[in-house]
Amino acid sequence: MSRSLPLSMRTVRTIAELRALLRTLREGNRRIGFVPTMGFLHEGHAALIRQSVSRCDSTVVSIFVNPTQFGPGEDLAQYPRDLERDQTLCHRLGTTVLFVPEPSEIYPTGYCTFVDPGPLGEPLCGQFRPGHFRGVATVVAKLFNIVQPDLAFFGQKDLQQTVVIRRMVRDLNLPVDIVVAPTLREADGLALSSRNTYLDADARARALALSKGLFAAQEAFEGGERDADRLLALARKPLTQVDEVQYLELVDAVSLDAVVGEVRRTSALCVAARVGRTRLIDNVLLAPNADEAQFISHLEAE
Ligand code: AMP
């Protein structure tokens, strides 16, 4: 059940203002939920915010296009922004505080401390975006320290990110529970992403190849197929439509190690491809012994 809307959502730009508000919101041991985003919000973000609003007493949403997770030549400067629209959506969804810091608030002059996620940041997207997960782990650790949430909500759409963050929380003993929510998609299967706005009509049509292949493999898996190579071949078929396949891999959903032979544990079939100038990622979970919900609680218990 969602709680009643706050009378008005506060938008704050400084850590000091946010901390002052949080002191009041936390009184009486009330639960704080947190949804970190880079803005240009869509229904995928909205689903995370709705979960937080329904499970927590107050919800903090952050919008921060984090420069340390972008490499040279990536889309940091072009990343889409629409703060007014995001504010309206967040308010409508029942967000209590919207935190929109400037880069200098998060990384003041002389900033030099980073969180290194080690080997979990290296495969998959890490091969093509060196330093990306170091930037992600660093900003999420900082935001967790600033907000000190009880629960934090992330999307399975960024599967490697969820694996990196869960491990960071465990390794650094951060007192927060991580909730991972399923990927929201357009009616035709394309995973929602702020970057979909870069796609023209032709690229939008060809972008469907990612989800099409993943769904074909998922369907075969549900029909009993367990062979990694055959599942990968099914997912690869439609990828002739894209301009560059960066990776298509079947990995263990906890260790990110490649699955060789049979799928025996919960695994993730992950793809990254370029369509026109846009880089897209997507994944599906293949769980031989449990459904997705059990998989998620299994991870939470680790
Ligand atoms: P971003 O603004 O892209 O950094 O995403 C913020 C959060 O929203 C991350 O936890 C993402 O995994 C999540 N997210 C992005 N796209 C989707 C989607 N299609 N479905 C569910 N969650 C999503």
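Treat the numbers as computed from the prediction; the structure is a model and nothing was measured. Atoms within each ligand, like the ligands themselves, are counted from 1 in listed order.
Every atom of ligand 1 is numbered from 1 in the order shown, and the set under 4.0 Å from a heavy atom of His42 is 15 (C), 16 (N), 17 (C). Every atom of ligand 1 with a heavy atom of Leu192 under 4.0 Å away is listed here by number and element: 16 (N), 17 (C), 18 (C), 19 (N).
Stacking of Arg85 on the aromatic ring of Phe40 is recorded, both the 6.0 Å distance cut-off and the 45° axial limit being met. Relative to the ring axis of Phe221, Arg226 places its NZ or CZ within 45° and under 6.0 Å from the centre.
A salt bridge is defined here as a Lys NZ or Arg NE, NH1 or NH2 lying under 4.0 Å from an Asp or Glu carboxylate O, and Arg277 with Asp75 fails to meet this definition. Ion pairing between a basic and an acidic side chain is recognised when a charged N comes within 4.0 Å of a carboxylate O; Arg265 and Asp252 show such pairing. Ion pairing of Glu105 with Arg13 is absent here, as no side-chain N (NZ or NE/NH1/NH2) approaches a carboxylate O to less than 4.0 Å. In this structure, Asp202 pairs ionically with Arg206, as a charged nitrogen and a carboxylate oxygen lie closer than 4.0 Å.
For atom 21 (C) of ligand 1, the nearest protein heavy atom (residue, atom name, distance) is Pro182 O, 3.5 Å. Closest to atom 1 (P) of ligand 1, if we only count protein heavy atoms, is His45 NE2, 3.6 Å. Here the protein heavy atom with the shortest distance to atom 20 (N) of ligand 1 is Leu184 N, 2.8 Å. If you check which protein heavy atom lies closest to atom 10 (O) of ligand 1, you get Gly155 N, 2.9 Å. For atom 4 (O) of ligand 1, the closest non-hydrogen atom of the protein is Met38 CG, 3.5 Å. For atom 12 (O) of ligand 1, the closest heavy atom belonging to the protein is Asp158 OD2, 2.6 Å.
Only the backbone of Pro36 comes within 4.0 Å of ligand 1, counting heavy atoms alone; no side-chain atom from C-beta on gets that close. Using a 4.0 Å cut-off between heavy atoms, Leu48 contacts ligand 1 through its side chain alone, with no backbone atom that close.
Remark: the backbone N or O of His91 is not paired with any side-chain donor or acceptor of Thr95 at under 3.5 angstrom.
For atom 9 (C) of ligand 1, the nearest non-hydrogen atom from the set Gln69, Lys157, Gln161 comes from Gln161.
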